[in-house]
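Data block below; observations after.
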Number of protein chains: 2
Amino acid sequence: MITTTNPRTGATEATDLAVTSDAEVAAISHRAATAAKELAAIGRLRRADLLDAIAAALEADREVLIPTAMAETGLTDVRLNGELTRTVFQFQLFSEAVREGSFLEVAIDHAGTTPLGPGPDVRRLLVPLGAVAVFGSSNFPFAFSVPGGDTASALAAGNAVVAKAHSAHPLTCAAVFATMERACREFGAPDGTIGIVYGQKAGAALVAEPAISAVGFTGSLDTGKRLQAIIDMRDEPIPFYGELSSMNPLVITSAALLARSDEIATGLATSVIASSGQLCTKPGFAFIPTGELGDAFLTDLAAKFVEADAAVLLNERVHDSYAGARLRMSTESGVSVVAEGQAPGAEGFFVSPTILSVAASDLTPGHAEEAFGPLIMAVRYEGNSDLFAALENIPSSLTASIHYQTDDADFVRELVNVVKPRAGRLVFNGFPTGVRVSWAQHHGGPWPSTNTIHTSVGITAMRRFLRPLAWQDAPDFILPEELRDADSSVARRLDGILTLPK
Amino acid sequence: MITTTNPRTGATEATDLAVTSDAEVAAISHRAATAAKELAAIGRLRRADLLDAIAAALEADREVLIPTAMAETGLTDVRLNGELTRTVFQFQLFSEAVREGSFLEVAIDHAGTTPLGPGPDVRRLLVPLGAVAVFGSSNFPFAFSVPGGDTASALAAGNAVVAKAHSAHPLTCAAVFATMERACREFGAPDGTIGIVYGQKAGAALVAEPAISAVGFTGSLDTGKRLQAIIDMRDEPIPFYGELSSMNPLVITSAALLARSDEIATGLATSVIASSGQLCTKPGFAFIPTGELGDAFLTDLAAKFVEADAAVLLNERVHDSYAGARLRMSTESGVSVVAEGQAPGAEGFFVSPTILSVAASDLTPGHAEEAFGPLIMAVRYEGNSDLFAALENIPSSLTASIHYQTDDADFVRELVNVVKPRAGRLVFNGFPTGVRVSWAQHHGGPWPSTNTIHTSVGITAMRRFLRPLAWQDAPDFILPEELRDADSSVARRLDGILTLPK
């Protein structure tokens, strides 16, 4: 039986939803694999229309979806409305990219003489993988869940999607799936274009299912490893794209504090406390100079945390995991508690926003844990050498941020050299939360932040669910439209020269 | 001790080469990781010059390299000269692509209003991974070994490379490495830009080494799985790109036989027998219609095989593995031996080119083995349904080929739908061997042909050894040149619009 829990009260209720049986998982996956073949055949522009139709349906059902998600996640009205807007926008942006067509990476090498003798005509573009399984995260019931970026990018690339409903917001998953399924049906999309399964066992069966061609996952490192282990047991391994863990170090220079200490403290407090700190890009470690400027900054930051309301976490697992990380980190050698927000009441999954502090020279890999919630570790550094050494103890992350002033240019260059190999996005005089959904975005990074060289946010997220296919000396009638000489609807590389569409 | 064996005689001799110790592997890998940082800093155009310098050095040492490779591989003068030409060309083509620069996938989204409020400035390009380990194959001592496509693409992308010398041609590896190292030194490339290790144990240590950031591999499925298992034990998993196995089905229609039976037989015999059949794209299964046309074709093909000289294989392992596969396949239910070439003498690792035959309706997954050598299985089909069913028993491959006539258009469409999900390159009225090195090439395919969605031949092979990095609100002085507004030297996506360099 599938249950739903209100994190603000802790009350759990039964739902009408049932755990999906292994046989149903297989049937849904096979339907998706068949749908994927049909989806590939309807063509690029029609697929773009489908994405627009899904976006419109999500927008139309806003009034139903928001309250459902509020009750299951404890996230606020404002936050969830913003998230749904982002989710709708994601579908629209992918639609735009599908129309634009350069994601196909069309390349045509005409037959000709090469240093190795006559070369055949070779043409290449990217084709969809098939049926993609999507495991969303608890912290974004829309933008990283059933209708999230993995689903949108997989559909945009021409795949069918089977989503695993998240156990922490099953009713939201069911509601949003109903919206999307209705949109697909009314649009006339192939039966099975999207599917959904419920229950942990069904999730395991889904990644083991031969009809599934790839998996997108956003969640914890532990769960990611468990899913990877199931994939490793398959006869045919498939790509697993995991967005797993991130500490997001943020460095502040003395010059930056001298110029705008207040502004940074306000921005940092918001970045850590908003959404109860449950963002994969939440800054977890702030590197603050020792001395008066740093002391004053930390006092200011502490005041903001002390005033902060107790923060509700998404569910019991997140709550307990956060409590464990907070306890371990606060009892590590050299760590002190600088500030705690309002104390939680007896009901629900609330915690106090917290600042811990440690000297950079005391920081060890043991301190470097991801506390998924409103906690930040202030790491006090003396100079470049202990700062750089301490940064090496922070695992690679989705982001690294730097608050600096123009005078710090040499330092910034050095610092960037230190953090560049250990991050996927470098943020300057800003905060890593609030990931812009755009063409240039990259949301990924070296292990353990993600497990591949790909992104899960932004247009290039599509690349995960595509594979190249080459045609050699193929007749026009068999070539995909975009590979025919006469078609110039998308950007193409013609005999090595990139050419724009006409 | 490292030994070398002449496959034409079977004689084994000691070499002066020593197995690389674990400590040496670590030192070489760390030197490579340091070199990679310096290589990334010398800039794109200088790196292109380095590739050209390596190409020139390989060309200059041709007279030394060819005889060494001949003695160790049994491959002919003509074949090895062609292969070295290809190897030189690969470096030159990658140099061209590095200069051209669109492999960086530069994208710039200027700050602006978005449906989610103000969006920051976000810029993205691809950066190298670090030190890449390369495991070459026995069958291409140049083009897929120490100086092969993996090495060239990894260097082009800005990585350093540590090659594992192949046990079947260690002296060739040493000679070619000396050539490349000299080129790097004379060019002034960072110390450690290329490295080499000897011995199976050193290879295992190399993929386990924390300083290594990715692995390129061309070889057997079994060895690939063993390396993957070592990677799975690492604290930080890294990308493993394996080109592993391929059966390369080839379908011939009756209409094609009616029009040009002789031509197809001649081409097919060459494609199977050349290089002693030791090509990953060798057609392993030819689907030939039943009836008189097919019978006549097979008789013609058999005559060519019967006349063929005994073929020398690369080494004892390849010989024994081929002999095992041939034995198993020829004793599978329903299989007959149609033709055998000249019998091997007592010396060396020679085998007879062989045609086996089976009815399509008798073909099971048990028949579908990769016999790495001059063997082809003729599969006789009655009509579309038993052809399509039989094709489902052939594992996914690097290629699938079709010999057809214009009248077969409907059949070709149907057939392409069957093989498209199971191949990386579709060849029409041609043969899959002789992989063109070009921009549009794709050399990869669904498992078990490769284990990822990437290619190991052609310009886009570089993508394997790059990861995206995003800069948010970064000042000009810290941005890579190609990400600055003022730089228009490479193709860029500006606010979603693809623009050509000026």
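Naming: A, B, ... by sequence-line order, numbering from 1 per chain.
Between Ile402(A) and Val416(A) the shortest side-chain heavy-atom distance falls below 4.5 Å. The shortest side-chain heavy-atom distance between His442(B) and Leu469(A) does not fall under the 4.5 Å cut-off. A heavy-atom distance below 4.5 Å is found between the side chains of Trp439(B) and Leu93(B). With a 4.5 Å cut-off on side-chain heavy atoms, Glu38(A) and Thr34(A) count as touching. Contact annotation: the side chain of Thr450(B) never approaches that of Leu244(B) to less than 4.5 Å [non-hydrogen atoms, C-beta and beyond]. By the 4.5 Å heavy-atom criterion applied to side chains, Ile238(B) and Arg234(B) are counted as neighbours. Side-chain contact between Arg99(B) and Phe94(B): absent, with no pair of heavy atoms (C-beta onward) separated by less than 4.5 Å.
Of the listed residues (Ser401(B), Pro446(B), Pro395(B)), the one with the most heavy-atom contacts under 4.5 Å to chain A is Pro446(B). The choice from Ala470(A), Ala107(A), Gly496(A) that makes the most heavy-atom pairs within less than 4.5 Å of chain B is Ala470(A). The greatest number of non-hydrogen atom pairs below 4.5 Å with chain B, out of Ile478(A), Asp473(A), Ile497(A), Thr499(A), is found for Ile478(A). Interface remark: of the candidates Pro468(A), Pro475(A), Ser438(A), Pro468(A) forms the most heavy-atom pairs closer than 4.5 Å to chain B. With chain B as partner, the option from Pro239(A), Pro237(A), Gly119(A) having the largest number of non-hydrogen pairs under 4.5 angstrom is Pro237(A). Looking only at heavy-atom pairs under 4.5 Å with chain A, the residue among Ala491(B), Ala474(B), Gly445(B) that has the most is Ala474(B). When each of Gln228(A), Lys37(A), Arg413(A) is checked for heavy-atom pairs under 4.5 Å with chain B, Arg413(A) comes out on top. Options Ser102(A), Gly458(A), Ala409(A) differ in how many heavy-atom pairs under 4.5 Å they form with chain B, and the most are formed by Ala409(A). Per-residue heavy-atom pair counts under 4.5 Å with chain A were compared for Arg493(B), Glu236(B), Glu96(B), Gln441(B), and the maximum is reached by Arg493(B).
Interface remark: Pro115(B) contributes backbone and side-chain atoms alike to the contact with chain A (heavy atom separation under 4.5 Å). Contacts of Ala111(B) with chain A are made by backbone atoms alone, with heavy-atom separations under 4.5 Å and no side-chain atom involved. No part of Asn451(B) comes within reach of chain A, as not one of its non-hydrogen atoms sits under 4.5 angstrom from that chain. Contact of Leu498(B) with chain A is made through backbone and side chain together, with heavy-atom distances under 4.5 Å. Using a 4.5 Å cut-off between heavy atoms, Ala423(B) contacts chain A through its backbone alone, with no side-chain atom that close. With a threshold of 4.5 angstrom between heavy atoms, Ala33(A) does not approach chain B through any atom at all. For a residue to count as touching a neighbouring chain, one of its non-hydrogen atoms must lie under 4.5 Å from one of that chain's; by this rule Asp235(B) touches chain A with the backbone only. Heavy atoms of Thr460(B) lying under 4.5 Å from chain A belong exclusively to its side chain. Only the side chain of Thr114(B) comes within contact range of chain A, judged by heavy atoms closer than 4.5 Å.
At a heavy-atom separation below 4.5 angstrom, chain A is approached by Val122(B), Arg123(B), Arg124(B), Leu129(B) within residues 122-131 of chain B. At a heavy-atom separation below 4.5 angstrom, chain A is approached by Arg425(B), Leu426(B), Val427(B), Phe428(B), Phe431(B) within residues 425-432 of chain B.
Residues that satisfy the side chain to side chain contact (heavy atoms under 4.5 Å, CB included) test with Asp476(B), not counting sequence neighbours, are Leu479(B), Arg484(B).
At a cut-off of 3.5 Å, with distance as the only test, no side-chain donor of His110(B) or Asp121(B) sits close to an acceptor on the other residue. Side-chain contact check for Thr281(B) and Asn248(B): no donor-acceptor pair (N or O, by modelled atom type) lies under 3.5 Å.
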Practice item. Determine, stepwise, if the pair Arg492(A) / Leu483(A) fulfils side chain to side chain contact (heavy atoms under 4.5 Å, CB included). Key: CA-CA 9 Å; Arg492(A) 305 187 285 185; Leu483(A) 279 187; over 6 Å; no
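Checked for salt-bridge contact, Arg463(B) and Glu105(A) miss the test: no charged N lies under 4.0 Å from a carboxylate O. A salt bridge links Glu392(B) to Arg422(B): one of the charged nitrogens lies within less than 4.0 Å of a carboxylate oxygen.
A pairwise comparison of heavy atoms in Arg86(B) and Val435(B) identifies NH1-O, 3.7 Å as the closest pair.
With Ser449(A) contributing its side chain and Gly444(A) its backbone, the two residues share no donor-acceptor pair below 3.5 Å. Using a distance-only test at 3.5 Å, with no hydrogens or angles considered, a donor-acceptor pair links the side chain of Asp109(A) to the main chain of Ala440(B). For Thr85(B) (side chain) and Asn81(B) (main-chain N/O), a donor-acceptor pair under 3.5 Å exists by modelled atom type.
Screening residues 448-478 of chain B for ring pair (Phe, Tyr, Trp, His ring centres under 6.0 Å) gives His454(A)-His454(B), Tyr241(B)-His454(B), Tyr241(B)-Phe465(B) as the qualifying pairs, with residues at least two apart or on separate chains.
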